[in-house]
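What's counted below: heavy atoms across the whole structure, side chains too, no hydrogens, waters or symmetry copies. Per chain, numbering begins at 1; letters A, B, ... match sequence-line order.
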Protein chains: 2
Amino acid sequence: MSEPTQADNVLMDFDLLKKLVVGIGEVADISGVPQRQIRYWEDKGIIRSVKEGEGSTRKYDYLNIKKVLLVKELLDDGFTLDAAARKVEERMKTINDAFSRLSGNKGQSE
Amino acid sequence: MSEPTQADNVLMDFDLLKKLVVGIGEVADISGVPQRQIRYWEDKGIIRSVKEGEGSTRKYDYLNIKKVLLVKELLDDGFTLDAAARKVEERMKTINDAFSRLSGNKGQSE
DNA sequence: ACAATGATTGTAGATTTGTTACAATCTAGG
DNA sequence: CCTAGATTGTAACAAATCTACAATCATTGT
């Protein structure tokens, strides 16, 4: 009950991962999707950012970064944005599941 | 060879995790350590940020965020900053290991 | 052809966030 | 008390992001 084990570290990873939110610039860098486009997708309700305060900047959590990556992939594959959005929504169910199972599953409701 | 499996998703997690870098404000929020102090620790060489361009802002990757959390913990425990730094360096070896093992271990050299 | 819709992109001006480089303060030990 | 270690404050500046306009471009239906 003193030195944390490796297992502890791995588990803590997901705990931390849940809290990690990155700016739109980072998402653009990681995904290759321009900021402008990311905002557009968010306007359409396909992805969602967390806004901490009132007039603050967008922050994207892990799952939404994943969404961006998936949507991009599907667009490149030739799907329309709407179709991609629908498909991603399907896939996210699985990912959400795996994610909350790994992270100790507190409610992933609203 | 079409629909990714859950295993794929899990593995991709670490791939993505490696690329995630967040601003100093986020690190401060997550850790509770003031930005000012985070910069101080960085000046002392305890943590390290990645700087993309020349005159750009600090970004912290997963491992350095972890470092911040660990240092904070140790300080709260009553260690001096130097002692905490040394202890953290020890611990990071393990974490680095586990991390690169999980993420498909490309060289974590310099 | 042309209108309509979907999707993307451009940009100016304002706001938020982060930087540096100074210096002041606080604290534990000798 | 004095010193080195550690933290904190802040002003002036630079980088990143925001919003709200609008233009562009491709696809599809008439």
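- Using a cutoff of 4.0 Å between basic side-chain nitrogens and carboxylate oxygens, B:E42 and B:R48 are not scored as salt-bridged.
- Heavy atoms of A:R58 sit under 4.0 angstrom from primed sugar atoms or phosphate atoms, though from no base atom.
- Looking at B:K19 and A:E26, no side-chain N of the basic residue comes within less than 4.0 Å of a carboxylate O on the acidic one, giving no salt bridge.
- Taking every heavy atom of residues 74-84 of chain A and every atom of DNA chain D, no pair lies under 4.0 Å.
- Distances were taken from every side-chain heavy atom of B:K51 (C-beta onward) to each of C:dT16, D:dA15, C:dT20; the shortest belongs to C:dT20.
- When rounded to the nearest whole Å, the span between CD of B:E54 and P of D:dA14 equals 15 Å.
- Side-chain N/O atoms of B:K59 include none lying less than 4.0 angstrom from OP1 or OP2 on D:dA15.
- Minimum interatomic distance between B:K59 and B:G23 (heavy atoms only, all atoms of both residues): CD-N, 4.1 Å.
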Inset, instruction - Check step by step if side-chain contact (heavy atoms from CB on, under 4.5 Å) holds for A:E54 and A:S56. - result: CA-CA 6 Å; A:E54 193 40 38; A:S56 67; over 6 Å; no
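- The heavy-atom pair separating A:M92 from A:L70 by the smallest distance is SD-CD1, 4.0 Å.
- The CD1-C1' distance, from B:I38 to C:dG18, rounds to 12 Å in whole Å.
- Between A:W41 and the phosphate of C:dA7, there is no side-chain N or O to OP1/OP2 separation shorter than 4.0 Å.
- Rounded to whole Å, the distance from CD on B:E42 to P on D:dT7 is 15 Å.
- Computed from coordinates, the B:Q35 CD to D:dT8 P distance equals 13 Å when rounded to whole Å.
- Annotation: of the two residues near DNA chain D, A:R39 and B:Y40, the 5′-most nearest-nucleotide partner is B:Y40.
- Within residues 21-32 of chain B, no residue approaches DNA chain D, by heavy-atom distance under 4.0 Å.
- OP1 and OP2 of C:dG10 both lie 4.0 Å or more from every side-chain N or O belonging to A:R36.
- Rounded to whole Å, the distance from NZ on A:K44 to C1' on C:dT8 is 11 Å.
- When rounded to the nearest whole Å, the span between NZ of A:K72 and P of C:dT8 equals 11 Å.
- For the pairing with B:Y60, the side-chain contact (heavy atoms from CB on, under 4.5 Å) check across B:V68, B:I47, B:I30, B:V21 returns one residue only, B:I47.
- Scanning all heavy atoms of the two residues, the minimum distance from A:A83 to A:T80 falls at N-OG1, 3.1 Å.
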Inset, instruction - Check the pair B:N64, B:W41 against side-chain contact (heavy atoms from CB on, under 4.5 Å), reporting the backbone distance first and the verdict last. - result: CA-CA 11 Å; B:N64 277 278; B:W41 292 356; over 6 Å; no
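- A:D43 has its CG atom 13 Å from the P atom of D:dC21, to the nearest Å.
- For B:Q37, a side-chain nitrogen or oxygen approaches OP1 or OP2 of D:dT8 to under 4.0 Å.
- Closest approach of A:P34 to A:A28, counting heavy atoms only: C-CB, 4.4 Å.
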